[in-house]
Amino acid sequence: FVFFRYEPSLAAAIVFVILYFITGAYHTYQIIKTKTWYFIPLVVGVIFQFGGHIARCFATQNVNELNPYLVNTLLCIVAPVLYAASIYMILGRLIIRLRAAHHSIIPLRFLTKIFVVGDVISFMIQGGGSGLMSSGDPKNTPLGEKIIVAGLFFQIVLFGFFVIVAWNFHVKINRAPTATSLELEKLPSRQNWRMLLMALYVSSALILIRSLFRAIEFIEGNEGYLMRSEGWLYGFDSALMWIAVVVFNVWHP
């Protein structure tokens with residue numbers, strides 16, 4: 001088992017440490033200002049990414065040490081699950097704000113609970129797999145990777161279902177808008193509920209793409225094609241997950 005099958009870039013790791021610090025600090029300011037406390041899990045996810053990339057900075061300078069590599073891998077694997085918890089809660093609150101509960105295919109009292117519980121299960125599965133990988137026993141690494149893949153596919157299915165629920169609501173409210181939805185459409189674009197729904201779609205799509213990438217990466221294993229170039233990791237994980245949270249800096253719920 002080789003930690004890096006390429007020469008890892010310290011500069012790239014530092015860039016993402018800075019990027020995640022900026023968006024995390026701004027999200028913290030936005031949450032305090034607007035009292036949107038349900039967005040705290042997303043900020044915790046950003047902190048995980050920030051910490052994971054700090055660990056990667058150390059890993060680039062200590063390529064044969066286990067701990068920096070594991071901290072980087074584990075924190076960045078589970079961070080998007082925390083993003084998802086806040087994203088799931090956006091839809092329920094948006095439906096309530098638009099007084100459009102009759103347009104939801106899932107009763108509103110169950111909507112957020114179903115997805116958040118599913119998110120917790122996904123977190124536990126991926127966390128359990130990550131724990132096996134960090135046990136220090138090389139025999140546990142393949143099993144840990146398989147468990148992480150199972151958690152990633154569970155997340156993909158859950159997120160796919162969530163997007164279907166959101167899209168179904170979107171179609172229905174377009175066909176039969178509520179008085180409140182028509183009134184709130186007049187707000188500027190950064191406060192418009194339709195733009196918030198678009199941000200939700202964008203963030204969800206990015207998390208889906210990233211989860212699929214990581215699943216393929218772990219299926220291929222440590223000697224796979226995707227593990228042989230650092231660009232894949234930064235392009236399909238670090239960058240996508242940064243964009244996924246920045247969209248909510250712009251269109252904050």
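Since the model is a prediction, treat every value here as computed from it, not as a measurement.
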### Query
Is the backbone N or O of Ile148 less than 3.5 Å from a side-chain atom of Gln126, with the two atoms forming a donor-acceptor pair by type?
no

### Message
Once rounded to the nearest 0.5 Å, what's the spacing between atom CZ of Phe159 and atom CD1 of Ile164?
### Response
13.0 Å

### Query
Is the shortest heavy-atom distance from the side chain of Pro8 to the side chain of Val63 under 4.5 Å?
yes

### Summary
Distance col, row Gln30:CD vs Leu42:CG, nearest 0.5 angstrom, shows 10.0 Å

### Message
Could you check whether any side-chain heavy atom of Val165 comes within less than 4.5 Å of a side-chain heavy atom of Leu111, counting everything from C-beta outward?
### Response
yes

### Query
Is His252 close to His27 at the side-chain level, that is, under 4.5 Å between some pair of heavy atoms?
yes

### Message
Looking at every non-hydrogen atom in both residues, tell me the closest pair between Phe154 and Gly118 and how far apart they are.
### Response
CE2-O, 3.1 Å

### Query
Donor-acceptor pair, Ser204 side chain versus Leu200 backbone, under 3.5 Å?
yes

### Query
Do the ring centers of Tyr83 and Phe248 come within less than 6.0 Å of each other?
no

### Query
What heavy-atom pair brings Gln155 and Ser122 nearest, and what distance separates the two atoms?
CB-OG, 3.6 Å

### Query
Does Val245 belong to the same Ile/Leu/Val/Met/Phe/Trp/Tyr cluster as Ile243, with side-chain heavy atoms less than 4.5 Å apart forming each link?
yes

#### Entry: Joint hydrophobic cluster, Trp167 plus Phe169, side-chain heavy atoms closer than 4.5 Å
yes

### Query
After noting the C-alpha distance and the side-chain angles of Leu240 and Phe213, does the key distance pass the side-chain contact (heavy atoms from CB on, under 4.5 Å) rule?
CA-CA 11 Å; Leu240 293 188; Phe213 161 75; over 6 Å; no

### Joint hydrophobic cluster, Leu197 plus Leu187, side-chain heavy atoms closer than 4.5 Å
yes

### Task
Indicate the atoms forming the closest heavy-atom contact of Arg210 with Leu152, along with that distance.
NH1-CD2, 3.7 Å

### Message
So Ile207 and Ile87, do their side chains get closer than 4.5 Å, heavy atoms only?
### Response
yes

### Task
Decide whether Ile219 and Leu208 are clustered together by the hydrophobic rule: side chain heavy atoms of Ile, Leu, Val, Met, Phe, Trp, Tyr closer than 4.5 Å, transitively.
yes

### Message
Using a 3.5 Å distance criterion without hydrogens, assess whether the side chain of Ser104 forms a donor-acceptor pair with backbone atoms of Ile106.
### Response
yes

### Task
For Tyr6, look at atom OH and say whether over 12 heavy atoms of other residues, nucleotides or ligands are found less than 6.0 Å away.
yes

### Task
Take Tyr20 and Phe50 through the test ring-ring contact (aromatic ring centres under 6.0 Å, His included) and record every step on the way to the result.
CA-CA 5 Å; Tyr20 277 109; Phe50 173 72; 8.5 Å; no

### Closest non-hydrogen atom pair between Met198 and His170, with its separation
CE-CE1, 3.4 Å

### Task
Check for a donor-acceptor pair, side chain of Lys113 on one end and backbone N or O of Arg109 on the other, with a separation under 3.5 Å.
yes

### Message
Can you give me the closest heavy-atom contact between Ile156 and Ser211, atom names plus distance?
### Response
CG1-CB, 3.7 Å

### Query
For Phe58, does the CZ atom sit with more than 12 other heavy atoms under 6.0 Å from it, leaving out its own atoms?
no

### Message
Is there a side-chain contact between Glu183 and Thr178 in this structure, where contact means two heavy atoms from C-beta onward sitting under 4.5 Å apart?
### Response
no

### Message
Nearest 0.5 angstrom please: Phe39 CZ to Arg93 CZ, how far?
### Response
10.5 Å

### Message
Would you say that Phe48 contacts Val81 through its side chain, given a criterion of any heavy-atom pair below 4.5 Å between the two side chains?
### Response
no

### Query
Considering residues, nucleotides and ligands other than Tyr234, do more than 12 of their heavy atoms fall under 6.0 Å from its OH?
yes

### Query
Would you say Phe236 and Met227 are hydrophobically clustered, going by side-chain heavy atoms of ILVMFWY under 4.5 Å?
no

### Message
Is the terminal nitrogen or CZ of Arg56 (NZ for Lys, CZ for Arg) located under 6.0 angstrom from the six-membered ring centre of Phe16 and within 45° of that ring's axis?
### Response
no

### Message
Is the shortest side-chain heavy-atom distance between Glu217 and Asp237 below 4.5 Å?
### Response
no

### Task
List the steps, then state whether ring-ring contact (aromatic ring centres under 6.0 Å, His included) holds for Tyr26 with Phe21.
CA-CA 8 Å; Tyr26 190 36; Phe21 175 80; over 10 Å; no

### Query
In Å, rounded to the nearest 0.5 Å, how long is the span from NE2 of His53 to CG of Leu75?
10.5 Å

### Message
Quick check for you: to the nearest 0.5 Å, what is the distance between Asn249 atom CG and Thr23 atom OG1?
### Response
3.5 Å

### Message
So if I apply the side-chain contact (heavy atoms from CB on, under 4.5 Å) rule between Ile54 and each of Asn72, Val17, Val71, which one comes out positive?
### Response
Val17

### Query
So, do Asn192 and Lys186 sit near enough that their side-chain heavy atoms are less than 4.5 Å apart?
no

### Query
So how far is it from Thr36 OG1 to Met89 CE, rounded to the nearest 0.5 Å?
10.5 Å

### Message
Between His103 (side chain only) and Ala176 (backbone N and O only), is there a donor and an acceptor less than 3.5 Å apart?
### Response
yes

### Query
Just one of Leu94, Leu98, Asn174 clears the side-chain contact (heavy atoms from CB on, under 4.5 Å) bar with Ser181, so which one?
Leu98

### Message
If you count heavy atoms of other groups shown closer than 6.0 angstrom to CH2 of Trp193, is the number above 12?
### Response
yes

### Tyr69 and Phe4 aromatic ring geometry - parallel, tilted or perpendicular at 30°/60° bounds
perpendicular

### Query
Do you know the tightest heavy-atom contact between Met241 and Gln49?
CB-NE2, 3.6 Å

### Query
More than 12 heavy atoms of other residues, nucleotides or ligands under 6.0 Å from CZ of Arg228: is that the case?
yes

